[in-house]
Asker: 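One structure, as structure tokens, below. Some questions next.
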Amino acid sequence: MTASETLFTKLTAGYDQSLSRGGVDGRRVAERLSELSKIGASLEGGVTRPGFSSEEKQAKQVVKSWMEQSGLRVIEDGAGNVIGRLEGTENGKAIMSGSHVDSVPNGGNFDGPLGVIAALEVVEAWKETGYLPRKPYEVVIFSDEEGTRFGSGLTGSHAMVGQLTEQETELKIDKDGKSFETVIEEYGSSLSAVWHAKRKMSDIELFVELHIEQGKILEKNDLSVGVVKGIAGPVWMNVTFEGEAGHAGNTPMNDRRDSMVAASHFIHSVSSLPSRFSETAVATIGKLNVFPNGINVIPQKVELTVDIRDVHEDKRDALVEAIIEAAEQSGVAHNVDVTCQKTLTVQPLLINEELLSDMKESITKFGIEPMELISGAGHDAMVLGREIPSAMLFVQSKKGISHNPEEWTDLSDCVNGVQVLKDFIEQQMVRS
């Protein structure tokens, strides 16, 4: 039995076929998730499909064939974003839905692909039931959402809204030393085509993305789906503590400039700061380098990173300042020099209240409590949401595991998500 067959078998085992109604077919969703799981498959059951790789391109080609079979007109822009369009009975702005098919190394089978397949399943359901959308509808696959190849993601959505600058692309280098220009040419495009992938966003009325939660809240509350009320914007910061190296045996404790002690004091203090500013704020120190890193040497320098996130920009920025102050206080307390440098600042996104209400209404129709959630992770919806109205729907993740072969969402939850997405989009189709 292949990994793909195992995924399909596991997904459909015990599936309640009564959930497949209104043209939505759970077995088709399972088959398509299984088909994509073959591309870049790992021995552990996960997938490796870096942005702008042959594997990502192959996955896009498979979805493009499904789009064409369902009657969509398919185009691919210079950034590799794939768009399948269904015309409406009236001219006007389009409603767009989708996600991505690239992955982290040895990632899961649901993060991204489920959102693409769900958006396309809406079209399949309409085709089977004879529903004709009033407004144009577009299914989108964004390129390089995860960003594992170049260290910064959301490339396709940034290109679509015109936020991918010439300077930014020139700085992108992958782990093999290849420039973004080389990679994009190998992919079959060019830098010029990427820069010209900007879309006229006024042609799109709304973007909605279905995604796995990548957390445990829905599972803990025994809910299939939830509505995202905000996407946290991160600030990344490099903090360096620099003291003086010395012999571990011959330097008295009261005569040291130990950068590790100062950094440790700082790390401990950071853990208590987010709750002082916001119940949704978080701060993480995930990377640390010590110099000279010898067992019998007092550390001269410690470099570390801080990832700070919240959906409330003012509170997040206040937290950033408090963390900088904590670093400086740790330096003074231990006679160590401190420098703080922000390397990334992303504006958070709060979902429009009317869209939140509409999504809750759709969720309620299926007998599900409409729980509001915060997304701590970034998504393409966050990028488009700065330009046009955007909404997000989360589907339950088992144990909150993601970016891992163990990532899992039951087929019943997938199908409930598709049903809610379909109903929400149909609501928007009749709005003037």
Side-chain angles (χ1 to χ4, degrees), residues 11 15-33 63 66-67 69-72 83-90 93-99 110 112-141 204-213 218 223-228 351 354-370 381 389-396 409-431:
L11 276 167
Y15 171 66
D16 182 358
Q17 191 61 34
S18 69
L19 294 173
S20 294
R21 58 186 184 272
V24 174
D25 186 345
R27 289 184 65 86
R28 181 167 52 219
V29 171
E31 286 170 357
R32 289 178 169 179
L33 285 168
V63 179
W66 296 336
M67 289 178 172
Q69 291 165 21
S70 69
L72 301 184
I83 301 147
R85 183 177 172 98
L86 178 67
E87 296 299 337
T89 58
E90 300 178 11
K93 297 182 178 182
I95 293 175
M96 175 185 281
S97 184
S99 195
F110 299 84
L114 180 58
V116 172
I117 291 169
L120 183 54
E121 187 63 22
V122 171
V123 177
E124 300 286 11
W126 289 344
K127 185 178 176 182
E128 291 192 19
T129 60
Y131 176 88
L132 299 175
R134 177 182 159 208
K135 302 172 185 177
Y137 177 63
E138 296 184 350
V139 179
V140 63
I141 310 171
I204 305 172
E205 177 181 307
L206 166 71
F207 174 70
V208 54
E209 182 172 7
L210 179 147
H211 205 280
I212 60 170
E213 181 192 356
L218 289 174
L223 296 172
S224 284
V225 300
V227 57
V228 178
I351 305 299
E354 185 175 355
L355 292 177
L356 272 179
S357 178
D358 288 349
M359 186 70 81
K360 289 178 184 178
E361 182 181 331
S362 291
I363 292 172
T364 303
K365 287 180 184 178
F366 295 93
I368 303 169
E369 177 190 345
S390 295
M392 277 201 81
L393 176 68
F394 270 171
V395 178
Q396 186 187 126
T409 295
D410 286 343
L411 184 57
S412 59
D413 295 325
C414 294
V415 173
N416 280 332
V418 175
Q419 295 285 12
V420 172
L421 177 69
K422 174 175 169 286
D423 185 85
F424 174 78
I425 291 171
E426 288 173 357
Q427 280 192 71
Q428 306 310 309
M429 285 292 174
V430 297
R431 290 195 183 280

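Everything quoted here is computed from the prediction, not taken from an experiment.
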Asker: Could you tell me the separation between the CD1 atom of Ile95 and the CD atom of Glu205, rounded to the nearest 0.5 Å?
Answerer: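 So the CD1 of Ile95 and the CD of Glu205 are separated by 5.0 Å.
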
Asker: If you round to the nearest 0.5 Å, how far is CZ of Arg85 from CE of Met67?
Answerer: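 Those atoms lie 13.5 Å apart.
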
Asker: Could I get the full list of side-chain hydrogen bond (donor to acceptor under 3.5 Å, both in side chains) partners for Gln69, not counting sequence neighbours?
Answerer: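 For Gln69 there are no side-chain hydrogen bond (donor to acceptor under 3.5 Å, both in side chains) partners, ignoring immediate neighbours.
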
Asker: Which atom pair, heavy atoms only, marks the closest approach of Val140 to Ile83?
Answerer: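 Where Val140 meets Ile83 most closely, the heavy atoms are CG2-CG1, 4.1 Å.
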
Asker: Got a sec, which residues hit side chain to side chain contact (heavy atoms under 4.5 Å, CB included) with Arg431, two or more places apart in sequence or on another chain?
Answerer: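 By the side chain to side chain contact (heavy atoms under 4.5 Å, CB included) rule, Arg431 matches Lys135, Glu354, Asp358, Gln427, Gln428.
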
Asker: Can you tell me if Asp410 and Ser412 form a side-chain donor-acceptor pair at under 3.5 Å?
Answerer: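 Result is no, nothing qualifies.
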
Asker: Checking Glu121 now: which residues fulfil salt bridge (charged side-chain N to carboxylate O under 4.0 Å, His left out) with it, not counting sequence neighbours?
Answerer: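 With neighbours one apart ignored, the set is Arg28.
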
Asker: Compare every heavy atom of Asp423 with every heavy atom of Ser362, then report the nearest pair and how far apart it is.
Answerer: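 That closest heavy-atom pairing would be OG-OD2, 2.7 Å.
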
Asker: Looking at every non-hydrogen atom in both residues, tell me the closest pair between Glu209 and Ala381 and how far apart they are.
Answerer: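 Distance-wise, the nearest heavy atoms are OE1-N, 3.1 Å.
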
Asker: Which residues pass the side chain to side chain contact (heavy atoms under 4.5 Å, CB included) test with Pro133, sequence neighbours left out?
Answerer: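 Testing Pro133 for side chain to side chain contact (heavy atoms under 4.5 Å, CB included), a comparison that skips the adjacent residues, returns Leu86, Trp126, Tyr131, Met429.
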
Asker: Tell me every residue that passes side chain to side chain contact (heavy atoms under 4.5 Å, CB included) with Ser20, counting only those two or more places apart in sequence or in another chain.
Answerer: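 For Ser20 the side chain to side chain contact (heavy atoms under 4.5 Å, CB included) partners, ignoring immediate neighbours, are Tyr15, Gln17, Asp25.
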
Asker: Would you check if Asn416 and Val395 make a side-chain contact, meaning some heavy-atom pair closer than 4.5 Å?
Answerer: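 No, every pair of side-chain atoms sits at 4.5 Å or beyond.
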
Asker: With sequence neighbours excluded, what pairs up with Glu124 under the side-chain hydrogen bond (donor to acceptor under 3.5 Å, both in side chains) test?
Answerer: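 Only Arg32 meet the side-chain hydrogen bond (donor to acceptor under 3.5 Å, both in side chains) criterion with Glu124.
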
Asker: Who pairs with Gln396 by side-chain hydrogen bond (donor to acceptor under 3.5 Å, both in side chains), at least two apart in sequence or on another chain?
Answerer: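 Scan of Gln396 (side-chain hydrogen bond (donor to acceptor under 3.5 Å, both in side chains), adjacent residues dropped) gives Lys398.
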
Asker: Can you tell me how far apart SG (Cys414) and CD1 (Ile117) are? Round to the nearest 0.5 Å.
Answerer: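 Rounded to the nearest 0.5 Å, the SG-CD1 separation comes out at 8.5 Å.
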
Asker: Ignoring hydrogens and geometry, is there a side-chain-to-backbone donor-acceptor pair from Tyr137 to Ala119 under 3.5 Å?
Answerer: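 A pair under 3.5 Å: yes.
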
Asker: Is the closest side-chain heavy-atom distance between Leu206 and Phe424 below 4.5 Å?
Answerer: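 SC-SC contact between Leu206 and Phe424 confirmed.
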
Asker: Can you name the residues that form a salt bridge (charged side-chain N to carboxylate O under 4.0 Å, His left out) with Arg21, not counting sequence neighbours?
Answerer: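 Once residues adjacent in sequence are excluded, Arg21 has no partner under the salt bridge (charged side-chain N to carboxylate O under 4.0 Å, His left out) criterion.
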
Asker: Does some side-chain heavy atom of Val225 sit less than 4.5 Å from a side-chain heavy atom of Leu421?
Answerer: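 No; the side chains remain at least 4.5 Å from each other.
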
Asker: Would you sort out whether Met359 and Ile351 count as a side-chain contact (heavy atoms from CB on, under 4.5 Å), showing the intermediate values?
Answerer: CA-CA 11 Å; Met359 186 70 81; Ile351 305 299; over 6 Å; no

Asker: Nearest heavy-atom pair of Leu120 and Ser70: which atoms, and what distance?
Answerer: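 Taking Leu120 first and Ser70 second, the nearest heavy atoms are CD1-OG, 3.6 Å.
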
Asker: Considering non-hydrogen atoms only, spot the tightest contact between Leu355 and Pro389 and give its length.
Answerer: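 In terms of heavy atoms, the two residues are closest at CD1-CB, 3.9 Å.
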
Asker: Under the side chain to side chain contact (heavy atoms under 4.5 Å, CB included) rule, collect the residues that match up with Ser390, sequence neighbours excluded.
Answerer: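 Applying side chain to side chain contact (heavy atoms under 4.5 Å, CB included) to Ser390 gives Phe207, Leu384, Ile388.
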
Asker: To the nearest 0.5 Å, what is the distance between CG (Leu72) and CD (Glu87)?
Answerer: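 Rounded to the nearest 0.5 Å, the CG-CD separation comes to 10.5 Å.
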
Asker: Would a distance-only check, ignoring hydrogens and angles, find a side-chain to backbone donor-acceptor pair under 3.5 Å from Ser97 to Val208?
Answerer: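 Answer holds: yes.
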
Asker: Could you tell me which non-hydrogen atom of Pro370 sits nearest to which non-hydrogen atom of Ile363, and how far apart they are?
Answerer: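 The pair with the smallest heavy-atom distance is CA-CG2, 3.9 Å.
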
Asker: Under the side-chain hydrogen bond (donor to acceptor under 3.5 Å, both in side chains) rule, collect the residues that match up with Thr409, sequence neighbours excluded.
Answerer: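 Checked Thr409 against side-chain hydrogen bond (donor to acceptor under 3.5 Å, both in side chains); zero matches.
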
Asker: Could you list the residues that satisfy salt bridge (charged side-chain N to carboxylate O under 4.0 Å, His left out) with Lys93, not counting sequence neighbours?
Answerer: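 Lys93: no salt bridge (charged side-chain N to carboxylate O under 4.0 Å, His left out) contacts found.
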
